[in-house]
Engineer: 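Okay, here's the structure, questions in a sec.
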Amino acid sequence: MTELPYGDDPEPSDPFPAGPLYVPVRTGPSGCAARLFRTALGDRTAVGFTSALRLAATLGPGQAWIRLAEPALRALTAPLGVTTVTVDPQFTAPAPTPVPPLSCALRTA
């Protein structure tokens, strides 16, 4: 069986991506922290993108990121119990927006 080149192959033969990933982060008083996401089944996963353009297309142009190799991302999130790394997700749900409290108006007849 011949190995497929990495070029345009959507599912490379190698289970790990080649090269560093663009990892979305959030900033805080202590520096940067990798953002964790949830899979469709609700499990936590680390996320990495193979290009800054793919990250911006999925999470928006204002999303902060750092470059990390896939093994480094796994090592960073393993102590948190996160064992899955999702590469190049194409869909994310929007962040929840606050809903104003409902006000009940009593009607009198």
Side-chain angles (χ1 to χ4, degrees):
M1 176 179 242
T2 60
E3 292 290 320
L4 297 172
Y6 280 104
D8 293 326
D9 184 17
E11 295 179 3
S13 302
D14 189 355
F16 300 108
L21 296 171
Y22 294 81
V23 178
V25 296
R26 57 182 173 79
T27 57
S30 299
C32 293
R35 285 186 59 192
L36 297 178
F37 294 80
R38 297 235 179 233
T39 66
L41 298 175
D43 298 325
R44 293 190 321 169
T45 183
V47 171
F49 294 86
T50 54
S51 75
L53 291 174
R54 288 184 181 199
L55 182 141
T58 304
L59 300 176
Q63 174 62 56
W65 53 267
I66 59 171
R67 298 284 308 258
L68 284 178
E70 182 268 339
L73 181 57
R74 285 187 184 276
L76 181 71
T77 58
L80 302 172
V82 178
T83 58
T84 305
V85 173
T86 303
V87 177
D88 287 331
Q90 296 183 1
F91 173 75
T92 59
T97 55
V99 178
L102 296 175
S103 61
C104 296
L106 296 178
R107 290 187 167 192
T108 56

Engineer: For T39, check side-chain contact (heavy atoms from CB on, under 4.5 Å) against everything at least two apart and list the hits.
Structural biologist: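 T39 satisfies side-chain contact (heavy atoms from CB on, under 4.5 Å) with L41, D43, T45 only.
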Engineer: For A46 versus L36, what's the shortest heavy-atom pair and its separation?
Structural biologist: CA-CD2, 4.1 Å
Engineer: Hey, any chance L76 and I66 share a hydrophobic cluster, counting ILVMFWY side chains that come within less than 4.5 Å of each other, even indirectly?
Structural biologist: yes
Engineer: Nearest 0.5 Å, please: how far is CG in D88 from OG1 in T50?
Structural biologist: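 Answer for the OG1-CG pair, T50 versus D88, is 3.5 Å.
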Engineer: Between Y22 and L59, is there a side-chain heavy-atom distance shorter than 4.5 Å?
Structural biologist: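 No, every pair of side-chain atoms sits at 4.5 Å or beyond.
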Engineer: With a 4.5 Å limit on heavy-atom distance, are the side chains of L80 and R44 in contact?
Structural biologist: yes
Engineer: Does the side chain of E70 reach to within under 4.5 Å of the side chain of L21, using non-hydrogen atoms?
Structural biologist: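 Sidechains of L21 and E70: in contact.
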Engineer: Which atoms form the tightest heavy-atom contact between P89 and G48, and what is the distance?
Structural biologist: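 P89 and G48 have their closest heavy atoms at CD-O, 4.2 Å.
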Engineer: Following the transitive rule for hydrophobic clusters with a side-chain heavy-atom cut-off under 4.5 Å over Ile, Leu, Val, Met, Phe, Trp and Tyr, establish whether V82 and W65 coincide in one cluster.
Structural biologist: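 No; tracing contacts between hydrophobic side chains, which count when under 4.5 Å, never links both residues.
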Engineer: T86 versus F37: any side-chain heavy-atom pair under 4.5 Å?
Structural biologist: no
Engineer: For residues 23-30, which side-chain donor-acceptor pairs fall under 3.5 Å, sequence neighbours excluded?
Structural biologist:
none

Engineer: Is atom CZ of R54 surrounded by more than 12 heavy atoms (other residues, nucleotides or ligands) closer than 6.0 Å?
Structural biologist: no
